[in-house]
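The sequence lines fix the lettering, A, B, ..., with proteins before strands; numbering per chain opens at 1. FYI, side chains are in, hydrogens and waters are out, and symmetry mates aren't considered; it's all heavy atoms of this structure.
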There are 2 protein chains.
Amino acid sequence: MRAYKHPSIDDVTMEEIFHALSDPVRLGIVRQLHREGDQTCSALDGGRPKSTVSHHFRVLRDAGLVHTRVEGVTHMNALRRKELDERFPGLMTAVLG
Amino acid sequence: MRAYKHPSIDDVTMEEIFHALSDPVRLGIVRQLHREGDQTCSALDGGRPKSTVSHHFRVLRDAGLVHTRVEGVTHMNALRRKELDERFPGLMTAVLG
DNA sequence: GCGATAGTTCGTAAAATATCGAACTATGGA
DNA sequence: TCCATAGTTCGATATTTTACGAACTATCGC
């Protein structure tokens, strides 16, 4: 994997965001990213198998919630907070507050 | 059916709300209730079979988003907007805005 | 080049969800 | 009481989602 595909923020839909956040694992990841800032996948796996975690990150990326960048041998994840705030004002504040 | 069971607002979780709203039919129902005010189930069925619509209303009620009251032969649905606003400030505004 | 580490992808099995027809229930009105 | 209307419940099927092991890929350091 050389680079990840992330949807343009304009293509992100609320429906997909809700779907992504309807899973407790993913909601937990998003909240932890908010509280603690950017983190690698393994810092967020909660002891789950890698393939499971990888799946959840894919859903979060596809939904437009998380941006993943490759940093050497690790992959660093960030909430797309600023873009999301512009696209859906107040949503992430309500979700994370 | 004599009366519906609705969860106490304190038992409502964001996770369940997200699950309920992750379906396009249900998100549509919630938005229409917001735009047009209380409505019967059949006014919100969008041509779908009754059993399908009934299922979606059950999910919306169980998630704490919608309150249904019996009015004669029809069942009237209302967004639990005020309660939701107190429980999750800003959430419904973001969802509906 | 050779490990070691971090994650992805694939295949599959299990669980949850959506959809719909058919039968049922409750209410109001003729 | 009988009928029509509004909606629920049941049962079956099809689709989606989750979870996880195994095999694979990419990068770093030696």
Side-chain angles (χ1 to χ4, degrees), chain A residues 1-7 13 15-30 32-33 36-78, chain B residues 1-7 13-30 32-33 36-79:
Chain A
M1 179 112 305
R2 194 155 293 274
Y4 288 91
K5 263 193 67 178
H6 297 93
T13 66
E15 202 177 291
E16 272 187 276
I17 287 181
F18 292 145
H19 167 246
L21 295 180
S22 71
D23 182 281
V25 175
R26 293 192 291 262
L27 185 56
I29 288 173
V30 164
Q32 186 172 342
L33 280 177
E36 308 178 10
D38 299 4
Q39 304 209 22
T40 62
C41 297
S42 46
L44 294 155
D45 65 10
R48 271 166 277 269
K50 295 159 148 214
S51 53
T52 299
V53 176
S54 185
H55 159 71
H56 285 306
F57 271 102
R58 191 182 198 323
V59 174
L60 288 169
R61 276 193 298 271
D62 289 351
L65 284 161
V66 166
H67 181 272
T68 307
R69 62 188 186 274
V70 179
E71 281 195 358
V73 78
T74 71
H75 301 199
M76 193 58 84
N77 300 283
Chain B
M1 180 112 305
R2 196 157 294 275
Y4 289 91
K5 262 193 66 177
H6 297 93
T13 67
M14 259 199 202
E15 203 178 291
E16 271 187 277
I17 287 181
F18 291 145
H19 167 245
L21 296 180
S22 70
D23 182 282
V25 174
R26 293 192 291 261
L27 186 55
I29 288 173
V30 165
Q32 186 173 343
L33 279 176
E36 308 179 9
D38 299 5
Q39 303 208 22
T40 62
C41 297
S42 46
L44 292 155
D45 67 9
R48 271 165 276 268
K50 294 157 148 217
S51 53
T52 300
V53 175
S54 185
H55 160 70
H56 286 306
F57 271 103
R58 192 186 198 321
V59 174
L60 289 170
R61 275 193 299 270
D62 289 351
L65 284 160
V66 166
H67 181 273
T68 308
R69 62 186 185 275
V70 179
E71 282 194 358
V73 78
T74 72
H75 301 198
M76 193 59 83
N77 299 284
L79 252 186

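With rounding to whole Å, A:His55 atom NE2 is found 7 Å from D:dA19 atom P. Residue B:Asp23 contributes atom CG, which lies 11 Å from atom P of D:dT17 at whole-angstrom precision. The nearest whole Å value for the distance from the CD atom in B:Glu71 to the P atom in D:dA6 is 14 Å. In this structure, A:Leu21 places its CG atom 15 Å from P of D:dT17, rounding to the nearest Å. Between B:Leu44 atom CG and D:dG7 atom C1' the separation is 13 Å, expressed in whole Å. As a whole-Å value, the separation of A:Arg69 CZ from D:dT27 P is 16 Å.
For the pair A:Val59/A:Asp23, no side-chain contact is recorded, criterion being any heavy-atom separation below 4.5 Å from C-beta on. Looking only at side-chain heavy atoms (C-beta outward), B:Arg26 and A:Glu15 stay at 4.5 Å or farther from each other.
Residue order along DNA chain C, read from the 5' end via each residue's closest nucleotide, puts A:Val73 first among A:Arg58 and A:Val73. When each of A:Met76 and B:His19 is assigned the nucleotide of DNA chain C bearing its nearest heavy atom, the one mapping closer to the 5' terminus is A:Met76.
At a threshold of 4.0 angstrom between heavy atoms, the contacts of B:Thr74 are confined to the sugar-phosphate backbone, with no base atom among them. Heavy atoms of A:Ser51 sit under 4.0 angstrom from at least one base atom.
By the salt bridge (charged side-chain N to carboxylate O under 4.0 Å, His left out) test, A:Arg58 pairs with A:Asp62, sequence neighbours left out.
Here the nucleotide nearest the side chain of A:Arg26, chosen from D:dT18, C:dG7, C:dC20, is D:dT18. For A:Ser42, counting side-chain heavy atoms from C-beta on, the closest listed nucleotide (D:dA6, C:dA6, D:dC20) is C:dA6.
Here the rule is side chain to side chain donor-acceptor pair (under 3.5 Å) with A:Tyr4, and of A:His75, A:Arg69, A:His67 only A:His75 fits it.
OP1 or OP2 of C:dT8 has at least one side-chain nitrogen or oxygen of A:Tyr4 nearer than 4.0 Å.
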